[in-house]
Structure formats: C-alpha cells, structure tokens
**Student:** 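Below is the structure I would like to discuss, written out as structure tokens.
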Amino acid sequence: MTSYKTIKDVAVITIENPPVNALSLAVREGILDGLSRASKDDTVCAIVIIGGGRTFPAGADISEFANGKAFTKPLPQIIEKIESTQKPIVCAIHGTAFGGGLEVALGCHYRIASTRSKVGLPEVNLGILPGAGGTQRLPRLIGVWLAAEMICSGKPIEAVDADAKGILDDLVEISSLESVQTEYDKLLDAAITLALRVKNHSLEGKRVSQLKVEPVSDFFYEQLALQISKNARGMNAPLQALKAVKASAMFPFKEGMQREQQILGRLFVSSQAKALQHIFFAERQTMKIPGIDMKKGVPIKFVGVIGAGMMGSGIAINFIKKGIPVVLIDAEQEFLDRGVKAIEDYFKGRVKKGKTTRFLADRSLGYLRPSLHYEDLSNVDLVIEAVFENLDVKKSVLKHLDEICKPQTILCTNTSTLDIDQIASATNRPDRVIGTHFFSPANVMRLMENVAGSKTSERTIASVMQISKTISKIPVLVGNCFGFIGNRMLFPYNNQANALLQEGAFPHDVDKVLYDFGFPMGLFQMSDLAGNDIGLHIRKAQGIVDPSQRDPNERYVSTTADKLCEMKRFGVKSSKGWYSYAKGSRKGRPDKEVMDLIVENSKAEGFVRRNISAKEIEERCLYALINEGFKCLEEGMAYKPGDIDIIWIYGYGFPPQKGGPMHYADAVGLKKIYDSILQYGKADPKTSAWKPSKLLEQLASSGKKLAKYWTKKLKAQSNL
Ligand SMILES: CC(C)(COP(=O)(O)OP(=O)(O)OC[C@H]1O[C@@H](n2cnc3c(N)ncnc32)[C@H](O)[C@@H]1OP(=O)(O)O)[C@@H](O)C(=O)NCCC(=O)NCCSC(=O)/C=C/CCCCCCCCCCCCC(=O)O
C-alpha cells in the first residue's frame, strides 16, 4: 500500500492504494514504516510523501468507519508522528488531497502542489469533521476565518487558491494538456529539489501544531453559525465543526485536539453520519447493476436532440459543455432560435458569474449545430427526443428517427411517465431504445433515470449509463413502469398530501411538516413551482378527472387540485396556485380563496374536518412513499434500495442527512412502518397506497433490515 525508495538521499514514501489512495490501515502502517526507515537511515536527509497514480490521498478510507478499522493506528496518531519527525518532510500534492489527505499534508513541514490539484476538507458532507487534527491545524496555518469557511462548507478549492490562502509553500505549474505521469514526475522532481534545499533548515515554525491562532470575535462565530443554519439546514456536522474550530482559538493544541476528538466521537455514531456515508457509497453504486457489464458500452461521440424547448436545450447544454457535438432539431425556426438563445444566455450567464471563461463558453457553443432537418441526424451515435409528453407524438418521432438514423444509433426518449416498450414498438430497433428521464432544469439537475424497456440491450444500457456519467450526471437504471421510480413514488406521497386536505389540513400545514422534516419545500409549494397543470395533465391521461371514468373503489383526492386549474391557479407562473404570490416572487402566502375551496370540497365529499397532528401528516406522506419504494423493489423496477435513495435525494430534495426514503425506513424500523400502514389502511380502505408491500411485510415480520437483506440477496445472485 506504500512503497519506499531513496532518490539523492531523500526518502520517498509513495502511497499506493488505487483508485484514490484512501488512507486505509495498510496505508497508515506503510507510512509509519516509511518514517521509521527514513529516520533510522543516516544517509537520508529529508523525506517526501507523495501519492502514486492519479492523486494524493482523497481522505481516510470511509469504509473503515463502519467496520471500526479506523480506530486501529488511527490517523491522528500517524499525523502526529509525521509532524514530530526530526527530518524535514515535504508533501507533494496532485489530484485531490481531501479530508485525511489534506490533514496528512498539514502534518508535513512543507507542502507543494500541482496547479491542477484541489484540496479540501469535505468531512461535513459525511456527517463528521476533519478529525485528524484538521480543525486544529488549519486555523493555525491560515487563520480561523478562512479555515472555518473551508471546514464548515466542506467545499474543495483549487491549488492556486490554496496557495493564496497560505496552505501551500509552492506550486508546480502543470498544463491541462500534460499527462498524469508527467504531472507526477514534475511534482516529484520539485519535491526532491525542495527537500534538498531545506534539508538542514530548522523545523522551528514548520510544525503547524506549534503555531499560534489569532482569536476572532464571537460575532464572527455567530454570523457563520447563522449562515450554516441557512445553507446546511438540518445538518449537525457543520455547526459541530465550527465548535471544534473555535476550540483551536481558545485552547492550546493538545486540548484543542481533545475537543476535536470528543466532537468527532459523537458525530461518528450519529444517524446523520450513517445516512450521509450511505449516500456516498450508494451514489457510486448506481453504475453497478447485476447482469450489466458497463464495459460493453459503445462510445458516444455525436449526439442529436429533438425539441429546442426548455428541456431539449437544457439537455443539449450537458453535451456541448463536455465537447460532444450536438445537432439540435426543432420543427419551427422560431422555436429553434429561442432554444439557441436560451443556450447562449446560459453560457453568457456563466461567464458573467465567473464560472467559465469567454473562450471556453465559445468553444462549447461551437459544438452546437441547430437544424430544422431530421436528415442531419443520419450520423449521430445517440439521439434524445424531448418533445411533448404524449405517447402518439413520441412514437411518431421515434419512427421517423428509426428511418433516418444509422442502424447503430441509440434512440432515447425523454419521458417522465410513458411506456418505453410502446414507444420502442414504433421502431425496428427496440433493443436500441431506452428512456432517459432528465430532471428539470436538465442542465442543472444531476439525476437521470435511465429506463430499460423489455427489449433494451445490455450494450444500449451500458452506453447510456456511461455517457450519462461523462456528462456529469448521476444515472440510475430503473424499470419500465408508470412514473418509473421517482414519479411513481411521488403519486402516493402526493395522494396522501391531498387526502389530508380533504380531512382537515391546509396546504401550509402539510408543507410545514415536510419542510421541518428537511425537504427544501413542501409538496404544494413544489406543485406551484412546477405548475399545477402538469398534475392535471397526468390525471387526465390516467382518465381519472372525469368522475364517470373513475374506479369507484379508489378514493379520489384531487378535486381541489382539479378546480384550482379550472380557476387558472397554475402556480407561481400565474401568481396564484395553492398559494398566492406577489409578482415575481416565489414565496407563497396562504390564500383564503383556496382555504375556502378546500373546506367546501371537504363538506361536499362528506368529510368532517378535524385537527390533524404533525406526526400524522409526516407518517402518512412518508410511509406511503416508502411503501411504494418497497413495491418498486419487489417488482424489480428498482435494482437496489440505494438507487431509490439517490433518486429521491437528487430528484426530489429528500433530506440527505436522513439518507433517502429506504435508508430512513430502516432507521425508523420496518415493523413500525408496516404496522402504521396497516392502521392507516384500516381507516382508509379505498386508498391503494395503503396496501402494504409484500417485501415490507416479510421484512417487518422477520425483524430484518432492508439494507442487509438486499446486500445478501445481491451477493447470492452474483454467486449463482
Ligand atoms: C473526487 C474523488 C476523490 C474522486 O472522484 P471520482 O474520480 O469520480 O471517483 P469516485 O467514483 O468518486 O471514486 C472511485 C472509487 O473510490 C472510492 N472512494 C473514493 N473516496 C474514498 C474514500 N475516502 N474512502 C474509501 N473509498 C473511497 C469510491 O467509493 C469508488 O469506489 P468504487 O469504484 O465505486 O468501488 C471522490 O472519490 C471523492 O470525493 N472522494 C471522497 C473524498 C472525501 O470525502 N474525503 C474525506 C473522507 S473522510 C476523512 O478523510 C476523515 C478524516 C478524519 C477522520 C479520521 C478518523 C479517525 C478515527 C479515529 C479517531 C480515534 C482517536 C483515538 C485517539 C487516539 O488514540 O489518539
């Protein structure tokens, strides 16, 4: 896990634990071993610590947090050992020196970095803090102000910025065109040169733990705490990290370290840390699907997008930003021009905000080719239609594409609910048809539900999953069912929210509970933002708006929602919906007209309104959602519980510190959820959302946890 060599009397300890050189126990042991050899060898005058391959360590090994290995030869001790070594130690950074990686660097006496590298302390995103001395050393090196900002936000910074802040001693200029090997060679060379230059220098002032911290006023901590409470609402770790940083300014290093370790210990076992670490791995597991070999994907070098509306232009941006040429098609010149302008405006905005340069923006725009002619798609590798959400329209577009595109072209349909098999049936290549459900705005939202039809081939799936990654999305493969996973689960969740209105709640009651749970906004606010006509359109397609077409055995909860649309209360875009809005504002106020309508409808539908507790609102919305998630798993529509969690966190704002609906279900207890579902179902037998999932029933009765059960099941499958 580490290697040791000497170059010009400098010992070089190279950390070799691909892919990210995480500081596992074996690595920690390797570093100790290297230090000991170098200290004992009289010919060695200085030491360099460097990461092999593409990076300096990207942190502690997160998998060791759950299995307890992190506590053997713990990282804080290793760093103490590094810092107290009598020979100068130069740390050479390339790639991403994150978390424990940066903490190791702070323990070294000198730090140099490639200009391409990044450094950061992202631990708060995992529900913990930089607990290997990061909260005590960084303020000593760059001051409380800058350190607190970095530690509490968890955001990485570029090496150039780190140098300006005083984290680094020197930069090694590496251009974007140079290979990782050249970067490594140049960096090592520079590190050895520096080590030889300082070999006889005193280490006085070079041990960061011995530096003094300039205290800052309480006002600073108060302001930062306020900012954190707003930006990271509901998250414990950032505020706790701030406490640890404050300790650095109040106590000598040793005592500060004790405070840091105490806080770390509490965070380590917290439910938030477990949830956030679950998400870290779940996000990376979405590409691992039993039976799909991702290597079978074909490269996608040329893309077509049909429809220059908001969705189509957003989709096109993702590709041109990555240098993948796009032919953007629309039937009308006016719509095409509007789409192109939206794309240009997007890049202009980025330049203005300093997020990109004019040169790079122009380069991206150079990859866009607007066209009115489908024939221009004859040579694309993949085409995504983003036309009106209507089965017949989408089928006719795919039929046309099938005739024009080369036989290998993958045809993607961007639908949020429609049946992929039916759309694919319009073509002669159903194996090359797949759903790509982008979330709006498509250039911002990272989630993508990729929907496999019954005939979609492994190669098509692998190609689309790969290209989704290339355009920086988080792709989740899902099965072909109404609403796929995200929207399918949204229906029972939304159904309960509306049912609660019938029984006695108002939109702001439901929204407050969901906001307090941790969602960025409640369901009614979300509906107003998206447009209430979308829901109506879906209900119409389901044939349930007309009372004569409804199933008499299923409770209908959307009378008020339907009437709002009749009243042209479409939401924010019409300045009124479930709430009313001041012109140009997204902040809704409860509206008497809507509240009267809700009361009137309750009466007309035979409900005697009652006070409904926050607990009931929360349970009914969330348990209905969770129950549907279990049904998605038992039907094979979702491949892993973690996939559902990722969809709900990235697509619908489920609070990450609760780990997603399926992780949350395990945390609450499946038996409790199952029993509540039975109870709510008894009181409301006409709501199919309360029919418990078989899988949930099975796990609740056997006392098992979903996560463990599923991991075992996948393991058994892969051993078959
Ligand atoms: C940006 C990345 C680094 C790379 O991104 P990318 O190229 O896209 O690659 P990924 O797909 O993300 O990752 C590739 C694979 O690597 C796995 N991975 C990544 N990072 C880690 C990691 N840190 N640990 C384990 N595994 C990791 C990932 O899962 C992928 O695996 P696979 O291919 O899917 O199988 C990006 O990866 C990234 O951002 N990584 C995470 C960065 C991060 O969050 N770092 C911080 C980690 S936490 C940390 O460092 C904490 C340090 C302080 C705590 C110290 C603990 C001490 C405990 C004991 C204290 C006891 C005291 C006792 C007192 C006394 O005695 O003294």
Side-chain angles (χ1 to χ4, degrees), residues 1 15 17-28 51 53-81 83 93-107 116-138 150-151 153-157 180 237 240-241 244 253-254 257-269 273 276-289 294 446 465-466 468-475 640 642 646:
M1 292 286 172
I15 297 166
N17 185 17
V20 300
N21 287 326
L23 292 151
S24 63
L25 177 56
V27 170
R28 299 195 296 278
R54 63 167 155 130
T55 187
F56 198 73
D61 183 340
I62 301 166
S63 66
E64 286 189 354
F65 296 168
N67 65 24
K69 266 193 187 176
F71 296 93
T72 308
K73 301 194 177 140
L75 195 55
Q77 277 178 19
I78 311 295
I79 295 173
E80 213 178 291
K81 197 95 192 153
E83 196 182 52
I93 296 172
H94 70 310
T96 47
F98 287 171
L102 179 55
E103 290 176 292
V104 164
L106 295 174
R116 284 205 312 220
S117 62
K118 285 185 182 172
V119 306
L121 293 170
E123 285 90 337
V124 291
N125 300 325
L126 299 168
I128 57 169
L129 50 66
T135 66
Q136 303 306 300
R137 284 195 180 85
L138 194 60
M150 264 182 85
I151 290 170
S153 74
K155 284 193 187 134
I157 56 173
V180 173
Q240 293 301 314
F253 181 76
K254 201 168 157 212
M257 278 302 287
Q258 281 166 0
R259 302 279 164 140
E260 179 192 272
Q261 295 303 302
Q262 278 164 6
I263 301 175
L264 174 68
R266 284 199 297 273
L267 289 176
F268 229 75
V269 294
L276 291 163
Q277 286 160 32
H278 156 71
I279 294 167
F280 176 84
F281 287 115
E283 189 180 320
R284 283 153 182 86
Q285 290 283 321
T286 65
M287 292 292 284
K288 293 180 184 134
I289 305 154
M294 289 298 164
R446 292 197 60 209
M465 291 296 281
Q466 297 281 20
S468 312
K469 269 282 206 197
T470 306
I471 58 170
S472 298
K473 297 292 178 196
I474 302 172
K640 292 176 247 93
I646 291 300

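Order of appearance sets the numbers: ligands from 1, and atoms from 1 within every ligand. Below, each value reflects all heavy atoms present in this structure, side chains not excepted, and no hydrogens, waters or symmetry copies.
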**Student:** Run the numbers for me: atoms of ligand 1, each under 4.0 Å from some heavy atom of Gly99, listed by number.
**Tutor:**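 Reading through ligand 1 atom by atom, the close ones are 46 (C), 50 (O).
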**Student:** State, to 0.1 Å, how close Gln136 and Phe253 come at their nearest heavy-atom pair, and which atoms those are.
**Tutor:**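 Shortest heavy-atom separation between Gln136 and Phe253 comes out as CB-CE1, 3.6 Å.
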**Student:** Checking the N or O distance criterion of under 3.5 Å, is ligand 1 in contact with Ile62?
**Tutor:**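 Among all N and O atoms of Ile62, at least one is under 3.5 Å from an N or O of ligand 1.
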**Student:** Does the protein put a heavy atom less than 4.0 Å from atom 8 (O) of ligand 1?
**Tutor:**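 It does not: no protein heavy atom is found less than 4.0 Å away from atom 8 (O) of ligand 1.
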**Student:** Please report the interatomic distance CD(Gln258) to CD1(Ile263), rounded to the nearest 0.5 Å.
**Tutor:**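 It comes to 12.0 Å.
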**Student:** Working note: Phe71 + Phe65, criterion ring-ring contact (aromatic ring centres under 6.0 Å, His included); need CA distance, chi angles, decisive distance, verdict.
**Tutor:** CA-CA 8 Å; Phe71 296 93; Phe65 296 168; 8.4 Å; no
**Student:** With atoms numbered from 1 as shown, which atoms in ligand 1 lie under 4.0 angstrom from a non-hydrogen atom of Thr96?
**Tutor:**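 Near Thr96, meaning under 4.0 Å from one of its heavy atoms, ligand 1 has 3 (C).
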**Student:** How far is atom 58 (C) of ligand 1 from its nearest protein heavy atom, and which residue and atom name does that atom have?
**Tutor:**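 Looking only at protein heavy atoms, the one closest to atom 58 (C) of ligand 1 is Ala70 O, 4.0 Å.
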**Student:** How long is the straight-line distance from OG1 of Thr286 back to CD1 of Ile474, given to the nearest 0.5 Å?
**Tutor:**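 Answer rounded to 0.5 Å: 7.5 Å.
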**Student:** Among all protein heavy atoms, pick out the one at the shortest distance from atom 1 (C) of ligand 1; state its residue, atom name and that distance to 0.1 Å.
**Tutor:**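 For atom 1 (C) of ligand 1, the nearest protein heavy atom comes out as Phe98 CE1, 4.0 Å.
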**Student:** If you take all heavy atoms of Ala22 and Ala60, which pair is closest and at what distance?
**Tutor:**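 Smallest interatomic distance, heavy atoms only, reads CB-O, 4.2 Å.
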**Student:** Considering only non-hydrogen protein atoms, determine which one is nearest to atom 63 (C) of ligand 1 and report residue, atom name and distance to 0.1 Å.
**Tutor:**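 Going by distance alone, atom 63 (C) of ligand 1 is nearest to Pro74 CG, 4.1 Å.
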**Student:** Could you say whether the N/O atoms of Arg284 and ligand 1 ever approach to under 3.5 Å?
**Tutor:**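 Between Arg284 and ligand 1, an N or O pair is found under 3.5 Å apart.
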**Student:** Using the side chain to side chain contact (heavy atoms under 4.5 Å, CB included) rule, pick out the option among Lys469, Met287, Lys288 that qualifies with Met294.
**Tutor:**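 Single side chain to side chain contact (heavy atoms under 4.5 Å, CB included) partner of Met294 among Lys469, Met287, Lys288: Met287.
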**Student:** Between atom OG of Ser63 and atom CD of Gln277, what is the distance when rounded to the nearest 0.5 Å?
**Tutor:**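 That separation rounds to 10.0 Å.
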**Student:** List ligand 1 atoms under 4.0 Å from Gln77, heavy atoms only on the residue side.
**Tutor:**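 Result: 65 (C), 66 (O), 67 (O).
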**Student:** With only distance considered, is Ala60 within less than 3.5 Å of ligand 1 through an N or O on each side?
**Tutor:**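 Yes, Ala60 has an N/O under 3.5 Å of an N/O on ligand 1.
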**Student:** With a 4.5 Å limit on heavy-atom distance, are the side chains of Glu103 and Leu121 in contact?
**Tutor:**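 They are in side-chain contact.
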**Student:** Look at atom 25 (C) of ligand 1 and say which protein heavy atom is nearest, naming residue and atom and giving the distance to 0.1 Å.
**Tutor:**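 Of every protein heavy atom, Asp61 OD1, 3.3 Å lies nearest to atom 25 (C) of ligand 1.
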**Student:** Of the protein's non-hydrogen atoms, which lies at the shortest distance from atom 17 (C) of ligand 1, and what is that distance?
**Tutor:**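 Here the nearest protein heavy atom works out to Val20 CG2, 4.5 Å.
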**Student:** Just distances here: any N/O of Gly100 and N/O of ligand 1 closer than 3.5 Å?
**Tutor:**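 By distance alone, the answer is yes.
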**Student:** Quick test: of every protein heavy atom, which one is nearest to atom 45 (N) of ligand 1, and how far off is it to 0.1 Å?
**Tutor:**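 So the nearest neighbour among protein heavy atoms is Ala58 O, 2.8 Å.
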**Student:** Has Arg284 got its NZ or CZ under 6.0 Å from the middle of the six-membered ring of Phe280, at an angle within 45 degrees of the ring axis?
**Tutor:**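 That pair qualifies as a cation-pi contact.
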**Student:** Heavy atoms only: give me the nearest Leu106-Glu83 pair and the separation to one decimal.
**Tutor:**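 The answer is O-OE2, 4.5 Å.
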**Student:** Output yes when a protein non-hydrogen atom is found under 4.0 Å of atom 5 (O) of ligand 1, and no otherwise.
**Tutor:**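 So atom 5 (O) of ligand 1 lacks protein heavy-atom neighbours under 4.0 Å.
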**Student:** For Gly131, counting its heavy atoms only, list the atoms of ligand 1 lying under 4.0 Å from any of them.
**Tutor:**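 Near Gly131, meaning under 4.0 Å from one of its heavy atoms, ligand 1 has 53 (C).
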**Student:** Any heavy atom of Glu103 closer to ligand 1 than 4.0 angstrom?
**Tutor:**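 Distance cut 4.0 Å: Glu103 passes for ligand 1.
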**Student:** Rounded to the nearest 0.5 Å, what separation is found between the CE atom of Met257 and the CD atom of Gln261?
**Tutor:**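 So the CE of Met257 and the CD of Gln261 are separated by 5.0 Å.
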**Student:** Heavy-atom distances under 4.0 Å decide this one: backbone, side chain, both or neither, for Arg54 against ligand 1?
**Tutor:**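 Answer for Arg54: side chain.
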**Student:** In the protein, which heavy atom is nearest to atom 57 (C) of ligand 1, and how far is it?
**Tutor:**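 Residue, atom and distance for the closest contact: Pro76 CD, 4.0 Å.
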**Student:** If we count only non-hydrogen protein atoms and require a distance under 4.0 Å, does atom 41 (C) of ligand 1 qualify as touching the protein?
**Tutor:**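 Yes.
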**Student:** Would you say NZ of Lys118 has more than 12 non-hydrogen atoms from neighbouring residues, nucleotides or ligands within 6.0 angstrom?
**Tutor:**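 No, the 6.0 Å shell around NZ holds no more than 12 heavy atoms from other groups.
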**Student:** Closer than 4.0 Å to some heavy atom of Leu126 - which atoms of ligand 1 meet that?
**Tutor:**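 By the 4.0 Å cutoff, the relevant atoms are 44 (O), 47 (C), 48 (S).
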**Student:** Applying a heavy-atom cut-off of 4.0 Å, say which part of Pro19 lies close to ligand 1: side chain, backbone, both or neither.
**Tutor:**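 For Pro19, the contact with ligand 1 is made by the side chain alone.
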**Student:** Determine whether Val27 and Asn21 satisfy the following criterion, side chain to side chain contact (heavy atoms under 4.5 Å, CB included), listing intermediate values before the conclusion.
**Tutor:** CA-CA 8 Å; Val27 170; Asn21 287 326; over 6 Å; no
**Student:** Would you check whether Lys288 reaches within less than 4.0 Å of ligand 1, judged by its heavy atoms?
**Tutor:**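 Lys288 counts as a contact of ligand 1 under the 4.0 Å cut-off.
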**Student:** Considering non-hydrogen atoms only, spot the tightest contact between Thr72 and Arg28 and give its length.
**Tutor:**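 Reported closest heavy-atom pair: O-NH2, 2.8 Å.
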**Student:** I'd like to check atom 35 (O) of ligand 1 in this structure: does the protein have a heavy atom lying under 4.0 Å from it?
**Tutor:**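 Neighbour list for atom 35 (O) of ligand 1 includes protein heavy atoms (cut-off 4.0 Å).
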**Student:** Going by the atom numbers of ligand 1, which of them fall below 4.0 Å from some non-hydrogen atom of Gln261?
**Tutor:**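 Heavy-atom distances to Gln261 below 4.0 Å select 60 (C), 61 (C), 62 (C).
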**Student:** What closest approach, in Å, do Ala132 and Ile79 show between heavy atoms, and which atom pair accounts for it?
**Tutor:**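 Taking Ala132 first and Ile79 second, the nearest heavy atoms are O-CD1, 3.5 Å.
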